Amino acid sequence: MKIQAAVTNSKGEDFKIETVTLDEPKAGEVLIRVVSSGICHTDMVAQHQEYPVPLPAVLGHEGSGVVEKVGEGVTTLQPGDHVVMGFAHCGKCNQCLDGHPYVCERFFELNFVGKMEDGTCRHHNHDDQDLSIFFGQSSFGTYTVANERNVVKVDKDVDLNLLGPLGCGIQTGSGAVLNRLKPQAGSSIAVFGAGAVGLSALMAAKAVGCGTIIAIDVHDNRLELAKELGATHTINAKGVNVPDEVKKIVENGVNYAVETAGVPGILRQAVDSLSIRGVVCQIGAPPLGTDEKIDVNDLLLMNKTITGVVEGDSIPRIFIPQLITLYKEGKFPFDKLVKFYDFEDINQAVTDSKNGTTIKPIIKMG
Ligand SMILES: [Zn+2]
Ligand SMILES: [Zn+2]
């Protein structure tokens, strides 16, 4: 079938909406009419080839939509289902079997190398050239084909336009807190970076009853929003010693920290902000090869823990419906992060996201 998709033809080039041919779903796959898609930092990382996703490609990995057709052997989805698309994973390796599909042994291959599991593509351009699939979903298009495994059925009583970012950015931040750190009620947490991922972590900390929630960023407008979403304290990191400021709020340091900025040097600040036995979770992705200087005695004598997590350590089919439940109860108001754009305005949405005027852009396919 013919669809419209925002194609990335060469490194760093703007998205270009083109007519693209989409193949039928094969065994185990489904055809989805994409309703909307969030834009995540990793889309820009691929657009600028910091991750070498083969081009041309159709990017996008926070898609929501409606199942139109199911391939042979699909049992968990049917036409008409409302769905969110998550990351691709094999479902068969030790990590997948052990309940950690986000560290699937084939994660890089299935999400960044541009092919479906069988090594072929579903999208082709006007010259009949293959277009890479991204994160097993390529949600920057009016339709797509995805493996049943990375498609999550969701309730029909919530606005489907809103739900795509649950498949990546929002679950990344909230899952680090809810699935990995599991903070005790009344405990203290510092969130470094108040973008979409950091604010999702913050809302999750609020939802589970953390007592002191400190948001740290360099943009006052983001810190204002952090307060609205549940931060008890904020620190503008410009020109201050952040661990000192944290310890003015919680004398012996915080029980938990999440580092979402991915900026070299901030992990060390987070470690220095922790109390004895404190845990910091690294979620922001610094440039490949980034070194950080850590005092080993912080780990030994102070019993601090540094852990990393991607995609919120989540099993999307379990976790995304949980986030939707929290949202419906008013405990996870992630809609406050979102601004909607028409599909044609995708490049504007990217610009607004980069300069910080929009926290989480979502493009509507219309
Ligand atoms: Zn796997
Ligand atoms: Zn993402």
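Bear in mind that the values here come from a model prediction, so they are computed numbers and not experimental data. Both ligands and their constituent atoms are indexed starting at 1 by order of listing.
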- Hey, what's the angle at the Zn ion (ligand 1) spanning SG (Cys104) and SG (Cys90), nearest 10 degrees?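 Angle SG(Cys104)-the Zn ion (ligand 1)-SG(Cys90): 100°, rounded to 10°.
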- Query: Can you tell me the angle formed at the Zn ion (ligand 1) by SG of Cys96 and SG of Cys93, to 10°?
  - Reply: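 Result: 110°, to 10°.
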- Message: Once you measure the plane-to-plane angle for Tyr102 and His100, does it fall in the parallel (<30°), tilted (30-60°) or perpendicular (>60°) bin?
- Response: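 Because their plane-to-plane angle is over 60°, the rings of Tyr102 and His100 count as perpendicular.
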- Query: Any idea how His61 and Phe135 line up, ring-wise: parallel (<30°), tilted (30 to 60°), or perpendicular (>60°)?
  - Reply: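 Parallel.
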- Query: From the Zn ion (ligand 1) out to just under 2.8 Å, does an N/O/S atom of His89 turn up?
  - Reply: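 No - counting backbone and side chain alike, His89 has no N, O or S atom under 2.8 Å.
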- Thr21 and side chain to side chain donor-acceptor pair (under 3.5 Å): which partner among Lys2, His126, His123, His124?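 Single pass found, and it is Lys2.
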- Task: Check whether any N, O or S atom of His61 sits under 2.8 Å from the Zn ion (ligand 2).
- Result: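 Yes, within the cut-off.
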- Go through Asp272 and Arg268 one step at a time and tell me if the salt bridge (Lys or Arg N to Asp or Glu O under 4.0 Å) criterion holds. CA-CA 6 Å; Asp272 290 346; Arg268 175 61 193 256; 3.0 Å; yes
